[in-house]
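Presented below is the structure to which this report refers.
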Amino acid sequence: MKRILFLLALFSVTNFSLFAQLTLGNGEHVLEFSGGVSTYYNQRVWKETTDNKNKDRFRLRDAQLQLEGRFKNTLEYELQVDFVDLASFATGEIDPENPGLMDAYVIYKGLGFVDVQMGYGKLYYSRSSLVPFTYSPYWQRTQLVRGNLFSRRDVGLTLMKDFWRQRINAYAGVYTGLGELSLRGDNDATGQPEYVGRVDFAYPTRYRYRDIDDKVSPIPMFQIGANGRYMNKPLPEGRSFPAYSTGEFGLKIINGERYAYGMDAAFQFMGFSAQFEIHQLLIRPQWEDDALFQGFTLDQTDGIVRAGGYMTQLNYFHKAWKTIYSVRFEELDLNDLVPGNSQRLSIALAYQFKGFDSMVKFQYFSILSEEVIDPLRWTEQFRIGWQYNFK
């Protein structure tokens with residue numbers, strides 16, 4: 001095994017063009033190796049109020065290795081690691097959009113009527129979150145689904161079933177509720193899990209979790225989906241959640257009850273594609289003095305705080321030019337008790353050397369408006385770089 005990994009690393013740095021699908025097998029057991037590297041340069045237009053321009057930089061975003069295995073027709077497993085973020089994970093600086101450990105799970109298919117997945121991986125909530133980063137022309141997901149409002153990964157159990165030749169897919173699972181922090185071991189003091197479910201429907205044929213119509217579909221295709229999640233974690237007095245577990249906006253884990261629900265839609269035809277997605281959080285904090293109430297009383301709020309937003313995206317793939325054009329708008333309201341919301345416009349341009357496996361990506365961000373409770377240091381941002389995947 002050590003020799004195989006050594007040859008894999010050697011070939012990847014000496015001659016990318018030598019790579020084809022690297023597969024090992026003995027007839028019953030098949031193991032496939034893949035991975036990728038992506039890097040970019042970031043430049044921001046700063047407000048006059050800041051003198052810290054530390055985000056103007058070159059960055060190595062990904063250095064991933066992925067192992068996928070199958071045993072007969074009953075067992076599948078996946079292990080995916082990003083070495084760039086693995087070191088920061090140990091210090092507690094976890095990026096929920098791109099953590100060090102991305103997948104580590106096993107799927108058992110021997111029951112026949114349902115597939116069972118156990119381990120750590122993406123949660124089946126939000127279509128945009130489920131689209132792999134390497135299949136996107138953008139360098140960053142929308143604020144709505146980056147992992148600051150709800151966890152994108154967790155440890156737990158998922159039941160999966162598809163119908164009508166994979167046109168209909170249903171998922172239901174139970175997880176620790178701590179998201180990426182679940183890898184540290186214990187649950188919080190409540191010991192309560194989070195429940196997540198999703199169902200989507202596609203027509204006239206199966207629709208993968210992809211944004212770009214790179215196959216230039218000769219017939220119109222669409223998909224609609226709905227998902228929800230629920231947790232109830234009223235902490236005993238004096239207890240607190242593990243460090244970093246509440247996310248950038250303090251909405252991922254609540255001292256109390258939290259619902260999240262949303263729907264999404266996708267369409268593609270002849271290289272054109274479009275996506276729409278919306279999510280709503282309904283939060284019931286346990287204590288009246290919770291910071292989410294923004295100083296209001298229970299009588300004024302009925303004990304409820306809401307947050308959420310939506311995004312819409314339009315894309316076109318020019319096959320002859322091997323180029324992707326995309327524009328995206330997003331709106332986010334972090335707290336309905338505070339007036340205003342944030343709005344962003346993003347434009348992406350990607351040129352493919354070898355499909356999604358090798359391409360140059362450019363993204364432009366513009367802050368149209370921002371919330372008082374989430375002030376930023378910049379107004380515009382430019383990001384350009386290259387991603388390369390070997391399979």
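Sequential numbering from 1 along the given sequence is applied to the chain's residues.
The ring-ring contact (aromatic ring centres under 6.0 Å, His included) check on Y40 picks up W139, with sequence neighbours excluded. Applying the side chain to side chain contact (heavy atoms under 4.5 Å, CB included) test to M263 and every residue at least two apart in sequence or in another chain returns F276, I278. Applying the side chain to side chain contact (heavy atoms under 4.5 Å, CB included) test to N232 and every residue at least two apart in sequence or in another chain returns Y230, P234, E257. Among residues two or more places apart in sequence or in another chain, the ring-ring contact (aromatic ring centres under 6.0 Å, His included) test is passed with F356 by Y135. Taking the ring-ring contact (aromatic ring centres under 6.0 Å, His included) definition, one finds that F201 meets it with nothing, sequence neighbours left out. A search for salt bridge (Lys or Arg N to Asp or Glu O under 4.0 Å) contacts involving R44 returns nothing, not counting sequence neighbours. Applying the ring-ring contact (aromatic ring centres under 6.0 Å, His included) rule to F83 yields no partners; only residues at least two apart in sequence or on another chain are considered.
Looking only at distances, a side-chain donor or acceptor of E371 sits under 3.5 Å from a matching main-chain atom of L334. When atom types are taken as modelled, the side chain of Q313 and the backbone of S326 share no donor-acceptor pair closer than 3.5 angstrom. Within the 3.5 Å criterion, the main-chain N or O of R141 finds a donor-acceptor partner in the side chain of E97. Here the side chain of D103 pairs no donor or acceptor atom with the backbone of G121 at under 3.5 angstrom. Side-chain atoms of D264 never come within 3.5 Å of backbone atoms of Q275 as a donor-acceptor pair (strictly under, hydrogens ignored). At distances below 3.5 Å, not a single donor-acceptor pair connects side-chain atoms of S217 with backbone N or O atoms of I219. The backbone N or O of G303 sits less than 3.5 Å from a side-chain atom of T301, completing a donor-acceptor pair. Although no hydrogens or angles enter the test, the distance criterion places no donor-acceptor pair under 3.5 Å between the side chain of R239 and the main chain of P236.
Between R70 and E32 there is a salt bridge, with a side-chain nitrogen of the basic residue lying less than 4.0 Å from a carboxylate oxygen of the acidic one.
Applying the 6.0 Å contact sphere to CG of N54 captures more than 12 heavy atoms from other residues, nucleotides or ligands. Taking a 6.0 Å sphere around CG of N73, one finds it holds 12 or fewer heavy atoms contributed by other residues, nucleotides or ligands. Other residues, nucleotides and ligands contribute over 12 non-hydrogen atoms within 6.0 Å of the CZ atom of R59.
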Margin query: Using the rule given for side-chain hydrogen bond (donor to acceptor under 3.5 Å, both in side chains), can you reason through D299 versus T297, listing the C-alpha separation, both sets of side-chain angles and the distance that settles it, and then say yes or no?
Written below: CA-CA 5 Å; D299 291 337; T297 65; 5.0 Å; no
Next item on the list: Decide side-chain hydrogen bond (donor to acceptor under 3.5 Å, both in side chains) for N315 and S273; before the verdict, give the C-alpha distance in whole Å, the side-chain angles of both, and the deciding distance to 0.1 Å.
Entry: CA-CA 5 Å; N315 321 282; S273 58; 3.0 Å; yes
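Here the CD-OG distance, from E78 to S34, works out to 8.0 Å after rounding to the nearest 0.5 Å.
Looking at every heavy atom in both residues, V145 comes nearest to S128 through CG2-CB, 4.0 Å. Residues R198 and Y209 share a closest heavy-atom pair of NE-OH, 3.3 Å. Closest of all the heavy-atom pairs between Y125 and G262 is OH-N, 3.7 Å. The shortest non-hydrogen separation linking Q294 to N335 is CG-ND2, 3.7 Å. Closest approach of T176 and G179 over heavy atoms only: OG1-N, 4.2 Å. Across every non-hydrogen atom of M102 and Q64, the tightest pair is SD-NE2, 3.4 Å.
The cationic group of R61 lies under 6.0 Å from the six-membered ring centre of F133 and within 45° of the ring axis, placing it in a cation-pi geometry.
I367 belongs to a hydrophobic cluster whose remaining members, ordered by chain and number, are W46, F365, L376, W378; membership requires side-chain heavy atoms of ILVMFWY residues under 4.5 Å apart, directly or through intermediates.
Identified under the salt bridge (charged side-chain N to carboxylate O under 4.0 Å, His left out) test for residues 328-346, with sequence neighbours left out: none. Each salt bridge (charged side-chain N to carboxylate O under 4.0 Å, His left out) pair with one or both residues in residues 107-120, not counting sequence neighbours, appears once here: E76-K109. Residue pairs that meet the salt bridge (charged side-chain N to carboxylate O under 4.0 Å, His left out) test with at least one member in residues 125-140, sequence neighbours left out, are R127-D211. Among pairs with a residue in residues 300-317, none fulfils salt bridge (charged side-chain N to carboxylate O under 4.0 Å, His left out), at least two apart in sequence or across chains.
The aromatic rings of Y171 and Y124 lie parallel to each other, with less than 30° between the two planes, well short of the 60° mark. Y351 and F353 have perpendicular rings, their planes meeting at more than 60° on a 0 to 90° scale where under 30° would count as parallel.
N42 and Q381 form a side-chain donor-acceptor contact under 3.5 Å, judged by distance and modelled atom types alone.
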